[in-house]
Number of protein chains: 2
Amino acid sequence: MKSSARTPAATAPEASVDLGAAPGCSAAAAPAAAPGRVPKPRADAVRNRERILAAAREMLVETGAEAPLDEIARRAGVGNATLYRHFPDRSALVHHVVLYVMDRVTAQAEDSLAEEVDAFAALCRFTHAAADERIGALCPMLAAGFDREHPELLAARDALETAVETLVATGQRDGLLRTDIGVGDLMVALSQLSRPLPGTDCGGADRFVHRHLQLFLDGLRAPARSQLPGAAATLQDLRRKTM
Amino acid sequence: MKSSARTPAATAPEASVDLGAAPGCSAAAAPAAAPGRVPKPRADAVRNRERILAAAREMLVETGAEAPLDEIARRAGVGNATLYRHFPDRSALVHHVVLYVMDRVTAQAEDSLAEEVDAFAALCRFTHAAADERIGALCPMLAAGFDREHPELLAARDALETAVETLVATGQRDGLLRTDIGVGDLMVALSQLSRPLPGTDCGGADRFVHRHLQLFLDGLRAPARSQLPGAAATLQDLRRKTM
DNA sequence: CGCTAAGCGGGGACCGGCTCCCCGTTTGGT
DNA sequence: ACCAAACGGGGAGCCGGTCCCCGCTTAGCG
């Protein structure tokens with residue numbers, strides 16, 4: 001691993017999008033140390049928050065971006081009010097889930113390159129790992145409007161992009177990866193192949209995902225077996241449509 | 001090409017699901033011949049029916065299985081009442097769209113095998129053609145419950161399956177296609193890769209679909225470049241989850 | 001050229017599901 | 001043991017989709 005803050009977003013309570021550090025009054029009571037820091041998070045509150053986040057990730061992945069919030073709450077084992085207390089609205093929830101997953105995927109990209117024997121092996125490991133993180137299920141949410149311009153999101157995206165870019169470039173430099181493909185090709189195909197097919201509770205399809213990714217990766221190997229139509233998909237191409 | 005009624009379903013008005021092919025008698029008068037035969041379809045009625053079907057195919061492909069029917073009507077340039085007059089409910093409409101597309105894809109499979117130089121070339125042609133027919137957009141609808149057991153649908157599915165099965169088997173027999181994959185692998189990956197990514201009006205993504213399919217096909221070529229996890233996906237595997 | 005009814009179009013009522021709030025109750029923290 | 005932060009369930013409000021009703025258009029035919 002090398003850069004990009006990892007662990008924080010994953011588990012830490014971390015102030016919600018909205019609550020800024022506004023309250024100017026501060027010097028007062030015991031719990032609040034810094035100027036206007038929220039007094040304290042209660043133990044079960046943070047636990048519930050994480051349960052909700054986990055359930056939301058599952059539901060969003062299975063059911064899609066328009067999964068009923070009440071159902072997410074039910075699955076998390078909390079009342080719906082609790083969910084709305086932690087995340088003011090749907091987009092806030094999606095926002096945090098997306099950040100969480102992107103962060104983990106970026107970490108996978110960095111770890112893969114650092115730890116695998118060659119760049120192609122790293123690419124394979126990254127690809128399969130990203131699929132396990134259900135990265136494919138996220139694209140619909142990213143595409144579905146919402147927070148396109150949010151700085152946190154942009155930062156996460158950039159981190160992911162550079163990590164994968166490095167992975168691809170290294171593979172091509174070492175002659176292991178065909179040179180007529182771009183980062184965009186990898187990311188789009190990865191998203192598509194790992195997308196859960198609706199209707200199934202991602203129960204059986206999963207068995208196949210890794211097979212198909214492996215087949216795709218075989219097609220990516222260095223001696224190109226065919227000439228591809230169109231031009232390599234760059235990051236700009238993605239940006240214009242996916243984000 | 002070899003079997004399976006083709007052209008009829010494509011353009012002909014073709015009796016709706018409900019009205020059976022009862023006409024045993026024929027000799028009688030001009031409009032109403034047999035007991036309760038519909039007198040006649042009016043010219044603009046059949047034209048509207050086709051406009052609706054075409055618009056529905058577009059919308060279902062772009063927006064997904066839950067596209068608003070009123071919007072389909074609007075795009076077809078007819079009133080919503082007209083749509084409901086032709087297709088009593090959503091599932092009837094979807095039913096016809098699915099049949100139409102499956103029929104065309106089956107035809108592509110048969111033609112490809114008959115006309116291409118070798119089985120792998122046939123497989124490539126079929127795959128790209130099926131993507132152009134937006135077969136990927138259909139799976140969600142098939143999965144979304146509805147008419148799983150309808151005989152017309154089962155027949156269409158069987159026809160498609162045998163056609164593709166032949167394609168794959170021939171390729172494997174001739175040593176052009178790796179033998180550790182099954183029809184299911186091809187169909188699922190094809191569906192996934194050709195699925196429109198939501199949010200985009202399938203405008204830009206299309207450019208990439210064929211690139212990625214080609215990459216996947218390269219991975220399918222005969223000297224297998226890796227060992228695949230899991231077992232080849234058979235038709236039974238698909239049946240249990242996709243239909 | 002005019003008749004007849006099949007077909008058309010738009011507006012609106014019904015309905016189901018999702019969002020979000022309110023208030024009595026529980027529970028963690030000191 | 002106290003207090004307030006947090007919880008949970010129930011329900012009002014709302015939005016969007018489905019489907020029907022009625023006056024108008026127009027194809028088909030003598």
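Proteins get letters first, then strands, A, B, ... in listed order; numbering begins at 1 in each.
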Interatomic distance where [atom1] belongs to [X] and [atom2] belongs to [N] [whole Å]:
| X | N | atom1 | atom2 | value |
| --- | --- | --- | --- | --- |
| B:Asp70 | D:dC15 | CG | C1' | 14 Å |
| A:Asn80 | D:dG9 | CG | P | 8 Å |
| B:Asp89 | D:dC20 | CG | P | 10 Å |
| A:Arg90 | C:dC20 | CZ | P | 9 Å |
| B:Leu83 | C:dG7 | CG | C1' | 14 Å |
| A:Glu71 | C:dG17 | CD | P | 13 Å |
| A:Ile52 | D:dA6 | CD1 | P | 13 Å |
| B:Leu93 | D:dC19 | CG | P | 11 Å |

Side chain of [X]: nearest nucleotide among [options]?
| X | options | result |
| --- | --- | --- |
| A:Thr82 | D:dA27, D:dC20, D:dG8 | D:dG8 |
| B:Pro68 | C:dC8, D:dA6, D:dT18 | D:dT18 |
| A:Arg85 | C:dC20, D:dC19, D:dA6 | D:dA6 |

Inset, instruction - Would you tell me whether A:Gln192 and A:Arg195 have side-chain atoms, one donor and one acceptor, within less than 3.5 Å of each other? - result: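 Short answer, yes.
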
Legend entry - Short side-chain donor-acceptor distance under 3.5 Å, B:Asp185 and A:His212: yes

Inset, instruction - On DNA chain D, check which nucleotide each of A:Asn48 and B:Asp44 is closest to and give me the residue with the more 5' one. - result: A:Asn48

Inset, instruction - Return the 5'-most residue of the pair B:Arg42, B:Ala81 with respect to DNA chain D, ranking by each residue's nearest nucleotide. - result: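 Looking at DNA chain D, the more 5' nearest nucleotide goes with B:Ala81.
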
Legend entry - Closest contact, heavy atoms only, B:Gln214 versus A:Pro229: CB-CD, 4.4 Å

Inset, instruction - Go through A:Val209 and A:Asp132 one step at a time and tell me if the side-chain contact (heavy atoms from CB on, under 4.5 Å) criterion holds. - result: CA-CA 9 Å; A:Val209 170; A:Asp132 283 335; over 6 Å; no

Legend entry - Single hit among A:Arg57, A:Arg134, A:Arg75 for salt bridge (charged side-chain N to carboxylate O under 4.0 Å, His left out) with A:Glu62: A:Arg75

Legend entry - Presence of A:His86 side-chain N/O under 4.0 Å of D:dC7 phosphate oxygens OP1/OP2: yes

